[in-house]
Amino acid sequence: MGAYSSYLKKKLNRSRVMGMIASMIAIVLVVLYFLGIADQWFSVINISYLLGMAFSSNVTCQDIKIGSPWQKFNAALSVFFYLFAIALMIYAFVCGGISF
């Protein structure tokens with residue numbers, strides 16, 4: 001049980017760190033946008049991607065509890081935000097907000 005417990009602890013800590021990193025980067029992007037350094041599309045697309053990353057990190061954390069509905073909820077939100085980031089990229093490219 002000790003090896004499995006340490007494995008779960010590492011997995012939980014890894015997902016927490018990834019969530020914290022995603023949150024800190026999102027805060028930096030918001031600050032850069034309000035300071036006029038970052039573009040609007042760049043900030044929104046990356047924040048959407050970071051939200052997807054945070055929710056996918058929660059999925060790996062929630063699989064410890066078998067039968068928990070939060071794992072499916074986090075997985076659905078993760079897929080939604082990843083697809084939303086792709087949709088925003090396509091929309092920004094079509095509207096001329098971003099280019100190659």
Side-chain angles (χ1 to χ4, degrees):
M1 185 72 176
Y4 185 66
S5 176
S6 66
Y7 166 74
L8 291 179
K9 204 177 254 190
K10 284 181 188 177
K11 192 173 184 179
L12 184 63
N13 287 333
R14 189 178 310 124
S15 68
R16 284 179 181 164
V17 168
M18 291 303 292
M20 293 290 285
I21 289 172
S23 298
M24 286 188 277
I25 294 173
I27 290 170
V28 167
L29 284 170
V30 169
V31 170
L32 289 177
Y33 171 70
F34 281 113
L35 292 177
I37 298 170
D39 187 35
Q40 171 188 357
W41 289 110
F42 178 77
S43 299
V44 171
I45 291 169
N46 282 318
I47 288 172
S48 176
Y49 178 79
L50 289 168
L51 282 170
M53 190 174 91
F55 281 113
S56 64
S57 175
N58 283 338
V59 169
T60 61
C61 178
Q62 291 291 329
D63 71 347
I64 295 169
K65 295 181 180 179
I66 298 173
S68 175
W70 292 108
Q71 181 182 9
K72 292 178 184 175
F73 182 72
N74 284 324
L77 284 176
S78 172
V79 169
F80 170 75
F81 279 112
Y82 284 139
L83 292 176
F84 187 60
I86 292 170
L88 282 173
M89 281 188 257
I90 292 169
Y91 181 74
F93 182 71
V94 168
C95 290
I98 59 174
S99 62
F100 285 115

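Positions are given from 1, in the same order as the sequence printed here.
- Expressed to the nearest 0.5 Å, how far CG of Asn13 lies from OG of Ser15 amounts to 7.5 Å.
- For Phe42, the side chain to side chain contact (heavy atoms under 4.5 Å, CB included) criterion is met by Leu29, Ala38, Asp39, Asn46, not counting sequence neighbours.
- Tracing side-chain contacts under 4.5 Å through hydrophobic residues (I, L, V, M, F, W, Y), one reaches Tyr49 starting from Ile21; they form part of the same cluster.
- Judged as a side chain to side chain contact (heavy atoms under 4.5 Å, CB included), and not counting sequence neighbours, the contacts of Arg14 are Lys10.
- Put simply, NZ on Lys72 and CG on Leu77 are 14.5 Å apart, with the number rounded to the nearest 0.5 Å.
- By the ring pair (Phe, Tyr, Trp, His ring centres under 6.0 Å) test, Tyr91 pairs with Trp41, sequence neighbours left out.
- Note on Leu32: it does not cluster hydrophobically with Ile45, by side-chain heavy-atom contacts below 4.5 Å among ILVMFWY residues.
- Counting heavy atoms from C-beta outward, Val17 and Met20 have side chains that stay 4.5 Å or more apart.
- For the residue pair Ala54 and Ala22, the shortest heavy atom distance occurs at CB-CB, 4.5 Å.
- Ser78 places no side-chain N or O within donor-acceptor distance of the main-chain N or O of Asn74, the cut-off being under 3.5 Å.
- Leu50 and Ile27 fall into different hydrophobic clusters, where Ile, Leu, Val, Met, Phe, Trp and Tyr are joined by side-chain heavy atoms under 4.5 Å apart, directly or via other members.
- There is no path of hydrophobic side-chain contacts, each under 4.5 Å, that joins Tyr33 to Val31.
- Under the rule for a side chain to side chain contact (heavy atoms under 4.5 Å, CB included), the partners of Val30 that lie at least two apart in sequence or sit in another chain are Phe34, Ile47.
- Ser56 is linked by a side chain to side chain donor-acceptor pair (under 3.5 Å) to Tyr82, counting only residues two or more places apart in sequence or in another chain.
- With sequence neighbours excluded, the residues satisfying ring pair (Phe, Tyr, Trp, His ring centres under 6.0 Å) with Phe80 are Phe84.
- Hydrophobic clustering, with ILVMFWY side chains joined whenever heavy atoms are under 4.5 angstrom apart, groups Phe93 together with Val44.
- The number of heavy-atom neighbours closer than 6.0 Å to CE of Met18, taken from other residues, nucleotides and ligands shown, is 12 or below.
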